[in-house]
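Encoded as structure tokens, the structure appears first; notes follow it.
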Amino acid sequence: MSDGTDRADGGTAAGGEPSRVLVLNSGSSSVKYQLIDMAAGTADDAGPESGGRRLTAGAVERIGEPGGVPGHAEALEEVARELAGRGLGLDSPELAAVGHRVVHGGTRFTGPVLVTDEVLAGIEALVPLAPLHNPANLAGIRVARRLRPDLPQVAVFDTAFHATIPEAAARYAIDTAVADRYGVRRYGFHGTSHSYVSRATARLLGRDPSEVNMIVLHLGNGASASALRGGVCVDTSMGMTPLEGLVMGTRSGDIDPAVPLHLARVAGMGTEDLDTLLNKRSGLLGLCGDNDMREIGRRMSEGDEAAQLAFDVYVHRLRRYVGAFSAVLGRVDAVVFTAGVGENSAAVRAAATAGLEQLGIELDTVRNAVRASGSRLVSAPGSRVAVAVVPTDEEWEIARETFRLARGTAGGGPGPEVRA
Ligand code: ADP
């Protein structure tokens with residue numbers, strides 16, 4: 001289903017260059033895709049509200065499961081068929097590039113890169129750090145490359161936006177030789193979301209990102225907080241993997257590192273058991289049996305104690321990070337809520353910011369309670385710190401990065417943006 005009217009120029013930017021980007025998010029059991037026309041949204045960072053148009057979106061799910069397609073090759077072929085069925089085939093001359101979400105970029109990939117054999121080998125080398133995600137991402141890239149070998153393929157990493165975090169925040173206090181040998185350090189994730197939302201927030205405030213210090217709270221099924229000084233990330237809650245930090249739908253977030261050791265000793269749990277416990281049977285789900293904040297809210301309204309406890313643990317952790325990142329930044333101009341819970345749960349926003357007037361954070365309870373879909377301020381008029389709700393759009397951010405890189409190459413412009 002196409003959710004927008006096609007642009008009159010038929011997918012080419014001024015000058016007739018192709019302007020459509022196919023964004024692929026290949027997970028372990030699904031491939032999600034969006035086709036975005038960048039023609040009107042390339043001149044600045046303004047995001048879809050000021051240009052760029054989503055032409056279509058969809059997903060092929062249950063890869064490798066009964067009743068689903070057997071593998072990523074078949075999934076991408078199905079994506080290609082679906083697109084062709086809508087007159088938007090992969091063979092279309094309007095397609096400028098394919099952008100791939102890649103979860104782990106390690107210390108090597110600190111910005112988006114054009115895919116080459118060497119880049120593929122680099123992503124492969126990071127599989128031990130992201131054993132579930134990177135192989136699926138790689139499979140998607142390989143098939144897309146085979147289907148359209150002439151097209152620029154761009155890898156956009158979840159970790160890249162956090163590459164600016166200083167060593168003091170990125171290092172774990174363990175034996176440096178062990179840490180360095182095995183890549184044990186904080187990388188951070190959800191980078192495309194934190195990047196997109198931070199720019200959108202600066203725009204909402206009518207200021208340049210370089211002038212604004214903010215705390216971004218990405219609260220979806222996965223959840224992470226980041227601290228940005230002048231648009232540059234200086235700390236984040238997720239670590240070597242997306243398990244650290246906030247309480248999530250099914251993930252524990254922060255935990256005493258001795259807990260898995262204890263459970264290995266007294267409960268005989270092995271690495272797989274512990275992985276499953278901490279990633280899939282913890283967080284809100286582990287605390288109350290539900291991982292959807294809507295259901296938890298409903299149960300709380302009926303006086304359900306387990307649901308109330310899950311909510312309280314979730315909010316307590318969130319407040320800890322708001323406090324910690326306030327100290328990291330020194331001056332905070334904005335606290336921003338995004339993703340499923342952040343954008344929709346007035347109760348979480350209210351509880352996370354209650355009583356923080358000493359930090360300059362004051363919510364407007366009426367504004368906060370209004371249901372709306374766009375970027376908006378929910379702080380009280382006199383609040384020193386702006387509290388904002390800003391919808392995230394990770395696919396648009398991937399498309400933006402992809403198009404920039406693909407266009408740069410075509411025009412002989414700057415090559416892969418690699419910091420450090
Ligand atoms: P993902 O990490 O899967 O991309 P989302 O950002 O879509 O997740 O967030 C999904 C979560 O958002 C759901 O699990 C649900 O708890 C929460 N959510 C969605 N809508 C609401 C709502 N109206 N009120 C509270 N929570 C909501």
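Sequence positions, counted from 1, serve as the residue numbers for this chain. Order of listing sets the numbers, starting from 1, for every ligand and every atom in it.
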> When you measure from the side chain of Asn291 to the backbone N and O of Thr250, does any donor-acceptor pair fall under 3.5 Å?
Replying inline: no
> Should the pair His194 and His190 be assigned to parallel (<30°), tilted (30 to 60°) or perpendicular (>60°) ring geometry?
Replying inline: tilted
Protein contact of [atom] - nearest heavy atom, named by residue and atom, plus distance:
atom                    : answer
atom 23 (N) of ligand 1 : Asn344 CB, 3.4 Å
atom 2 (O) of ligand 1  : Asn221 N, 3.0 Å
atom 15 (C) of ligand 1 : Asp292 OD1, 3.3 Å
atom 26 (N) of ligand 1 : Met293 CB, 3.5 Å
atom 6 (O) of ligand 1  : Gly340 N, 2.9 Å
atom 25 (C) of ligand 1 : Arg294 CG, 3.6 Å

> If you draw a 6.0 Å radius around CZ in Arg281, do more than 12 non-hydrogen atoms from other residues or ligands fall strictly inside?
Replying inline: no
> Got a sec: does the CZ of Arg148 have more than 12 other heavy atoms crowding it under 6.0 Å?
Replying inline: yes
> Are any of the side-chain heavy atoms of Glu395 and Arg101 separated by less than 4.5 Å?
Replying inline: no
> Does ligand 1 have an atom that lies less than 4.0 angstrom from a heavy atom of Gly249?
Replying inline: no
> When you look at Val23 and Arg54, which way does the side chain to side chain contact (heavy atoms under 4.5 Å, CB included) test go after all the steps?
Replying inline: CA-CA 11 Å; Val23 176; Arg54 207 176 312 272; over 6 Å; no
Relative to the heavy atoms of [X], which atoms of ligand 1 are at a distance of less than 4.0 Å?
X      : value
Val341 : 12 (O), 16 (O), 17 (C)
Gly222 : 2 (O)
Ala339 : 6 (O)

>> Under 4.0 Å from atom 4 (O) of ligand 1, is there at least one protein heavy atom?
In response: no
> Ring centres of Phe109 and His104 under 6.0 Å apart?
Replying inline: no
>> Assess, by modelled atom type and distance only, whether the side chains of Asp312 and Gln308 contain a donor and an acceptor separated by less than 3.5 Å.
In response: yes
